[in-house]
Amino acid sequence: MAIEHPTSQIGSLVSPFPHSKEDHVDADISVDVTSAPASVDGQAPAATVFELQGLEVHYGPFRAVRDVDMHIRKNEITAFIGPSGCGKTTVLRCLNRMNDVIPTARVGGRVLYHGIDLYGPEVSATELRRRVGMVFQRPNPFPKSIYDNVAFGPKVNGVRSKSDLDDIVEKSLRGAALWDEVKTRLKSSALGMSGGQQQRLCIARAIAVEPEVILMDEPCSALDPIATARIEDLMQEMKDTYTLIIVTHNMQQAARVSDRTAFFTTEVNPESDRRTGTLVEFARTRKIFSNPADERTEQYVTGRFG
Amino acid sequence: MSVVVDTAVSSDAAVVTLADLAPRRSWRNTKSSLMSALMGLAFLIVFVPIVTLVFTVVSKGAGIVFADFPAWFTDRIPVRGREVGPGMGPAIIGTLLITFTASVLAIPLGILGAVYLNEYGKASRWAQIVRFMSSVMTGVPSIVMGLFVYVVFTLRFGLSGFGGALALACLMLPVVIRSTEEMLRLVPDHLREASYALGTSKSRTIATVVLPAAFPGIVSGCLLAIARAAGETAPLFFTIGIVTETNPNVFSGPNTALPAQIYSNAFTIFDGAKERAWGAALTLIAITFFFTVTARVVTARIQKKR
């Protein structure tokens with residue numbers, strides 16, 4: 001496939017996939033009890049990027065997550081909250097097939113990305129991950145220079161020209177609000193930066209390949225409140241360009257930054273004592289935190305359990 | 001709001017006195033000093049033989065190496081043992097050539113093998129077999145390896161430097177595989193995941209992230225293997241023969257190497273030959289030392305750049 005760099009985002013994203021037209025616009029018409037209709041606030045419904053249908057994930061014989069149905073919409077911030085072990089991260093890692101790395105992991109149900117079944121035989125996880133980037137819980141820059149960290153993705157995608165790379169690096173570092181802090185030391189090691197800077201570098205590295213979606217797995221849990229605030233501000237700015245999905249343990253963070261919130265919880269099977277995560281409620285963040293439909297959600301967001 | 005002052009502790013009786021903070025004469029402290037002393041002793045025990053060895057070799061070998069200076073490195077080896085004076089050129093060139101050829105054979109193969117074991121094979125049956133065979137190979141005595149190459153190669157193609165290189169490569173291979181695999185295992189998975197999340201294929205990730213991250217460790221492991229191979233004597237007797245003239249062609253005709261010269265010269269009754277054995281020993285140590293230091297400097301510089 002052709003590599004467009006630097007492109008103006010999403011228009012070209014569906015092209016490499018064979019069947020992609022249907023399913024975008026009127027996803028809201030389909031009845032989906034777990035997600036609140038977008039028209040609640042009288043806003044135009046945004047296009048669906050991901051549609052999860054009865055998603056379940058097994059690790060070996062053990063079912064980690066079951067029955068997750070939701071629509072994730074374009075240019076919104078979607079937050080996944082819930083107690084530890086409820087499968088938030090597992091579900092997130094299904095969206096760019098990062099669970100493929102774990103040999104025993106098996107995915108059931110369907111994950112549709114612009115209507116394409118991500119686990120279909122013709123989908124390459126590598127191509128998918130160029131469009132669906134990821135930022136991890138712990139900042140994980142490569143042991144290379146700041147410049148090389150950001151240029152890594154574009155280089156892998158075939159950008160050769162030095163001046164193009166320079167442009168992408170600057171643009172990405174600006175996009176991650178890091179440029180002014182590091183512009184004089186681009187050639188120095190990324191490992192010498194503070195934790196917050198490293199995490200913003202990881203965001204810069206993710207946006208350097210111009211993805212459509214960025215998955216963030218507890219991106220602030222290793223950071224102090226000031227660095228967290230910077231990243232939250234950054235997420236608000238990034239929303240116009242990208243679709244963000246964030247897993248967080250911090251309910252205030254979900255309430256502050258996200259447009260929609262999915263609440264997951266753990267169900268214990270009384271016979272086998274096995275724990276399985278499941279989606280309880282998915283709605284506008286305001287609704288989840290002020291007037292949730294499910295009692296378990298209310299208990300969780302008010303701090304009475306979990 | 002009033003600040004509650006805790007008055008339960010009266011100020012006239014000091015709660016903590018200096019005596020409380022003074023170091024205690026406890027069994028724990030005694031044990032600590034005892035262990036420190038033991039460790040110092042262990043260091044001395046290791047240090048004494050090394051110093052004695054270097055001192056002996058230098059004092060007995062330096063004379064002949066530096067007698068009419070470049071002669072030792074350029075002249076042919078005297079044919080008759082009772083001849084006095086320098087000349088070890090053919091063995092120096094032979095050692096360098098044979099060890100280099102062995103490294104070219106063993107290092108790429110060993111690194112690729114380790115990449116297979118750690119990145120692809122993992123715990124699969126075939127990988128287990130390869131791993132087991134490699135540890136068996138580590139335990140094969142070098143003289144047996146020489147005999148093996150003698151049977152499968154030398155009997156058919158005659159004595160040559162290449163035969164010696166084959167035997168040395170067989171000895172190096174398991175060392176390179178084992179140490180490289182250890183180093184690859186130390187590369188944290190989050191670096192691999194970071195690379196995958198940018199849409200990088202597995203092979204590309206190994207080439208651009210995993211191997212560079214493990215590079216310094218791999219270099220150390222390969223050096224260990226080279227140093228070991230450079231000092232091997234037994235396998236060379238079967239495979240390269242022993243000559244006194246320089247043979248720059250590794251692929252045909254008998255050759256010679258420093259360890260072989262040390263062995264054959266040391267076992268004569270002539271003082272001239274014995275002196276040459278000491279000189280050859282000094283040269284061998286110097287060559288190994290030179291390569292080790294060079295590689296350390298290079299890897300340290302690479303690590304510093306990160």
Side-chain angles (χ1 to χ4, degrees), chain A residues 1 3 92-93 95-104 124-146 148-158 187-192 198 201-202 204-211 213-217, chain B residues 111 115-128 130-131 180-221 296-306:
Chain A
M1 59 157 271
I3 292 133
L92 188 78
R93 288 168 67 99
L95 302 181
N96 67 347
R97 286 186 46 178
M98 214 56 183
N99 284 333
D100 291 16
V101 180
I102 301 161
T104 58
S124 147
T126 307
E127 294 300 326
L128 168 68
R129 292 181 195 133
R130 285 182 190 165
R131 293 173 170 73
V132 184
M134 190 160 191
V135 174
F136 296 84
Q137 184 172 3
R138 313 222 102 219
N140 56 355
F142 298 126
K144 300 172 190 278
S145 71
I146 295 171
D148 287 340
N149 262 278
V150 183
F152 181 86
K155 270 187 194 162
V156 166
N157 290 345
K187 295 287 172 200
S188 60
S189 170
L191 301 180
Q198 288 189 6
L201 179 69
C202 292
R205 184 175 65 184
I207 62 185
V209 294
E210 307 223 327
V213 183
I214 297 177
L215 310 176
M216 294 184 164
D217 185 4
Chain B
I111 291 177
V115 165
Y116 166 73
L117 288 180
N118 196 57
E119 306 293 324
Y120 292 94
K122 290 178 180 153
S124 70
R125 198 184 180 85
W126 177 237
Q128 297 285 18
V130 173
R131 213 171 273 131
T180 307
E181 196 192 352
E182 290 299 323
M183 289 306 139
L184 293 177
R185 194 171 299 155
L186 289 180
V187 175
D189 274 340
H190 66 71
L191 288 185
R192 294 184 180 87
E193 290 198 338
S195 174
Y196 294 150
L198 293 168
T200 315
S201 64
K202 185 165 185 171
S203 52
R204 193 87 191 249
T205 299
I206 293 168
T208 54
V209 175
V210 180
L211 283 175
F215 182 74
I218 294 175
V219 169
S220 312
R296 290 266 169 216
V297 170
V298 170
T299 48
R301 203 164 285 176
I302 289 169
Q303 249 170 336
K304 218 179 190 177
K305 261 176 83 178
R306 288 179 177 173

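Chain letters run A, B, ... following the sequence lines, proteins first and then strands; every chain starts at 1.
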Correct closest heavy-atom pair for B:Ala194 and A:Asn140 would be CB-ND2, 3.3 Å

Toward chain B, the part of A:Val135 with a non-hydrogen atom under 4.5 Å: neither

Could you measure the distance from the OH atom of B:Tyr196 to the CE atom of A:Met98? Nearest 0.5 Å is fine. 8.0 Å

On a heavy-atom basis, which atom in A:Val156 and which in B:Gly199 lie closest, and how many Å separate them? CG1-O, 4.2 Å

Separation between CG (A:Asn149) and CG (B:Leu198), nearest 0.5 Å, reads 9.5 Å

Report yes if some heavy atom in the side chain of A:Phe152 is under 4.5 Å from a heavy atom in the side chain of B:Thr200; otherwise report no. yes

Interatomic spacing from CD in B:Glu193 to CE in A:Met134 - rounded to 0.5 Å: 7.5 Å

Mark yes when over 12 heavy atoms from residues, nucleotides or ligands other than B:Arg296 sit less than 6.0 Å from its CZ; otherwise mark no. no

With a 4.5 angstrom heavy-atom cut-off, is it the side chain or the backbone of A:Arg205 that approaches chain B, or both, or neither? both

Under 4.5 Å between any side-chain heavy atoms of B:Leu191 and A:Pro143, yes or no? yes

Proximity breakdown for A:Pro103 and chain B, heavy-atom pairs closer than 4.5 Å: neither

